[in-house]
Amino acid sequence: MTCRELYEAALRLVCENAENGDVSDYEDRAGYILATAVTQCAPLDALYRKATGGSAVPLPMGVYLDLDADFPLSDIFSAAVLHYLCAMLVLDENEAMSDAFFEKYTDAIALIQSSLPFVGESITDRYQELI
């Protein structure tokens, strides 16, 4: 899946398309919004890849993500990032719609987090030092 496919899906979800009007402002902002989402989701993506036996991959951490590039996160993040993109694209025009999409984004991220398996780690007993 490419970032452009996510962008075009976001346009459809916010009831916009290039045939019915000028959406160049959305396209101009989409690369920056997607870069923000990828940066925010990168730590969780690394945990998800580790938990599912996937290999770690270097993710782009710049301020802009080319729309023609492949979506860099694991596929499970595509729906969450799609909702984030929708929320940010309409933030200034329709706050209620933006809030609804942002809630879907946070729910999707929470679902991914809750699906990760528990990882046990050893701890150090520092309370014995205080006695």
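Both backbone and side-chain heavy atoms feed into the values below; hydrogens, waters and symmetry mates do not.
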- Minimal heavy-atom distance between L59 and P72, with the atoms involved, is CD2-O, 3.2 Å
- Task: Taking T39 for its side chain and A35 for its backbone only, find out whether a donor-acceptor pair lies under 3.5 Å.
- Result: yes
- Message: Quick one, V90 with Y26, criterion side-chain contact (heavy atoms from CB on, under 4.5 Å). Give me CA distance, side-chain angles, the key distance, then yes/no.
- Response: CA-CA 9 Å; V90 299; Y26 286 149; 4.2 Å; yes
- Taking all atoms of both residues into account, what is the closest heavy-atom pair of C3 and F71, and its distance? SG-CA, 4.0 Å
- Shortest non-hydrogen separation from A87 to S98 and the atoms involved: O-OG, 2.7 Å
- side chain to side chain donor-acceptor pair (under 3.5 Å) pairs touching residues 63-73, sequence neighbours excluded, are R4-D68
- Message: With rounding to the nearest 0.5 angstrom, report the CG to CD1 distance, L111 to I76.
- Response: 7.0 Å
- Heavy-atom nearest pair, M1 first then S78, reads SD-CB, 3.9 Å
- Residue set satisfying ring-ring contact (aromatic ring centres under 6.0 Å, His included) with Y105, at least two apart, ordered chain then number -> Y84, F102
- Item | Exercise: identify the closest heavy-atom pair between L44 and I112 | CD2-CG2, 4.0 Å
- Query: Could you give the distance from CG (D45) to CD (Q40), rounded to the nearest 0.5 Å?
  - Reply: 13.5 Å
- Note on the structure: Interatomic distance, CG@L34 vs CE@M88, rounded to 0.5 Å, equals 11.5 Å
- Item | Interatomic distance, L47 atom CG to T52 atom OG1 [nearest 0.5 angstrom] | 10.5 Å
- Item | Other residues, nucleotides, ligands: >12 heavy atoms within 6.0 Å of D25 CG | yes
- Message: So which atom in A30 and which in L67 form the shortest heavy-atom distance, rounded to 0.1 Å?
- Response: CB-CD2, 4.1 Å
- Message: If the test is side-chain contact (heavy atoms from CB on, under 4.5 Å), which one of I109, L73, V38 qualifies with V81?
- Response: L73
- Task: For the pair L89 and F101, evaluate side-chain contact (heavy atoms from CB on, under 4.5 Å) and give the outcome as yes or no after the intermediate values.
- Result: CA-CA 10 Å; L89 286 176; F101 279 119; over 6 Å; no
- Task: For residues 91-106, pull every pair meeting salt bridge (Lys or Arg N to Asp or Glu O under 4.0 Å), keeping only residues two or more places apart or in separate chains.
- Result: none
